[in-house]
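We count ligands from 1, going down the list as the structure has it; atoms in each ligand are counted the same way. All residue numbers in this chain count up from 1 along the given sequence. Hydrogens, waters and symmetry mates are skipped; everything else that's a heavy atom, side chains included, is used.
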Amino acid sequence: MIVFITGISSGFGLETAKLLSLEGHTVYGTVRREVDPLPQVRYLQLDVLDGEAVKNAVDEIVEKEGHIDVLVNNAGMGIGGPLEFATEDEIRLQMGTNFMGLVHCVDAVLPHMRKQGSGKIIALSSIGGLMGLPFQGFYSASKFAIEGYCEALSLEVKQQRVKVVVLRPGDFSTGFTGSRKKVANEAALQAYPIYKTAIEKVEHDENGGLKPIVLAKKISKIIQMKHPRNGYVVASFEQKLSVLLKRILPAKWFARILGSYYKLS
Ligand SMILES: NC(=O)c1ccc[n+]([C@@H]2O[C@H](COP(=O)([O-])OP(=O)(O)OC[C@H]3O[C@@H](n4cnc5c(N)ncnc54)[C@H](OP(=O)(O)O)[C@@H]3O)[C@@H](O)[C@H]2O)c1
């Protein structure tokens, strides 16, 4: 199959590009910087903030291959810190990369997938797209946006036989933690003394999280499936449990559990 993956310089993108190319798929992956190239993978240089560049890249793939089967919208980043202290530029970068990046990719692949009457759009959300994570509020907001957008999109494109699948990983050990843009100014730390321990807990959990190959294997399975579900949580047992509790418990109870987990009181 012809697969287009955004953000293959590290983490999920890198593992997925590696695995899918080994499995014989034709993989086109995007990067923004110099990387050690994987054999068999075709590299495209672009930033997902640039809608025009994304469209040109996808059109180029279709011109060469005749069609495009799968979009894996993976590129993403996170900002950490008290919501109150995030700057407008940081918020725009967060929503621009994670949400508008997806919109750019979907807008680029859909005309081709509609024409073909087939295609799969796999979007990386997060467990943070199902619950508002303290001190990762704008990250959560960007993933909630993805959830709402994909829910609507899957209904709109169903008749065109395009399938939308949302992936919600829990904690994984990737480049994500190191790339997080953290609000670290004195004023923020003074106003929210609980922020420091909460973000340390987040980083500790991510560093000890699952290996990205677990998610790459899930993506590989979804690509093969005729009728994948609309969404999957890919996480440890405890994190899957937290998603279930969020769904079934009264909001007040769940907030108490989350607050105590992050030592917010
Ligand atoms: N790791 C986790 O625990 C976790 C959990 C839930 C969801 N996720 C989601 O999984 C996805 C992949 O993250 P990861 O964990 O694999 O992190 P990662 O190792 O930091 O990889 C992120 C990738 O996205 C690329 N990227 C970032 N901004 C971009 C932009 N504006 N344009 C193009 N590429 C861009 C990065 O490229 P550069 O190298 O150039 O920065 C990198 O290739 C993200 O959407 C993230 O939100 C991760």
Go through Arg92 and Glu88 one step at a time and tell me if the salt bridge (charged side-chain N to carboxylate O under 4.0 Å, His left out) criterion holds.
CA-CA 6 Å; Arg92 285 188 191 285; Glu88 177 106 10; 2.7 Å; yes

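Taking atom 26 (N) of ligand 1 as the reference point, the nearest protein heavy-atom neighbour is Ala75 CB, 3.8 Å. Scanning all protein heavy atoms for the shortest distance to atom 14 (P) of ligand 1 gives Thr174 OG1, 3.4 Å. When only non-hydrogen protein atoms are considered, atom 43 (O) of ligand 1 lies nearest to Ser9 OG, 2.7 Å. Nearest to atom 23 (C) of ligand 1 among the protein's heavy atoms is Gly7 O, 3.8 Å. Of the protein's non-hydrogen atoms, the one nearest atom 44 (C) of ligand 1 is Asn74 O, 3.2 Å. Given atom 41 (O) of ligand 1, the protein heavy atom at minimum distance is Arg32 NH2, 2.7 Å. Given atom 16 (O) of ligand 1, the protein heavy atom at minimum distance is Phe12 N, 2.9 Å. Annotation: atom 18 (P) of ligand 1 to nearest protein heavy atom, Ser10 OG, 3.3 Å.
The shell of residues lying under 4.0 angstrom from ligand 1, judged by heavy atoms, includes Lys143.
Of all the listed residues (Ser173, Gly170, Gly178), Gly170 holds the heavy atom that lies closest to atom 5 (C) of ligand 1. The heavy atom nearest to atom 24 (O) of ligand 1, considering only Ala216, Pro169, Gly76, is found in Gly76.
Using a 3.5 Å distance cut-off with no hydrogens or angles, the side chains of Thr177 and Glu206 do pair a donor with an acceptor. Under the 3.5 Å distance criterion, with hydrogens and angles disregarded, no donor-acceptor pair is assigned to the side chains of Thr26 and Glu65.
Environment of CD in Glu200: crowded, with over 12 heavy atoms of neighbouring residues, nucleotides or ligands closer than 6.0 Å.
Residue Ser125 has no nitrogen or oxygen atom sitting less than 3.5 Å from a nitrogen or oxygen atom of ligand 1, judged on distance alone. Checking only distances, Met77 never comes within under 3.5 Å of ligand 1, N or O to N or O. For Asp47, a nitrogen or oxygen atom sits less than 3.5 Å from a nitrogen or oxygen atom of ligand 1, counting backbone and side chain alike. Checked by distance only, ligand 1 and Glu206 stay at 3.5 Å or farther apart across all their nitrogen or oxygen atoms. Close N/O approach between Gly13 and ligand 1 is not found [any backbone or side-chain N/O within under 3.5 Å]. In terms of N/O distances under 3.5 Å, ligand 1 is not approached by Leu49. Considering backbone and side-chain atoms together, Ser126 places no N or O closer than 3.5 Å to any N or O of ligand 1.
Residue contacts with ligand 1, taken as heavy atom pairs separated by less than 4.0 Å, involve Leu46 solely via the backbone atoms N, CA, C and O. Contacts of Ile8 with ligand 1, taken as heavy-atom pairs under 4.0 Å, involve the backbone alone.
Contact check for Asn98 versus Lys143: side-chain heavy atoms found under the 4.5 Å cut-off. Contact check for Leu49 versus Leu93: side-chain heavy atoms found under the 4.5 Å cut-off.
Considering Ile222, Val166, Asn74 in turn, Ile222 is the only one that fulfils the side chain to side chain contact (heavy atoms under 4.5 Å, CB included) rule with Ile122.
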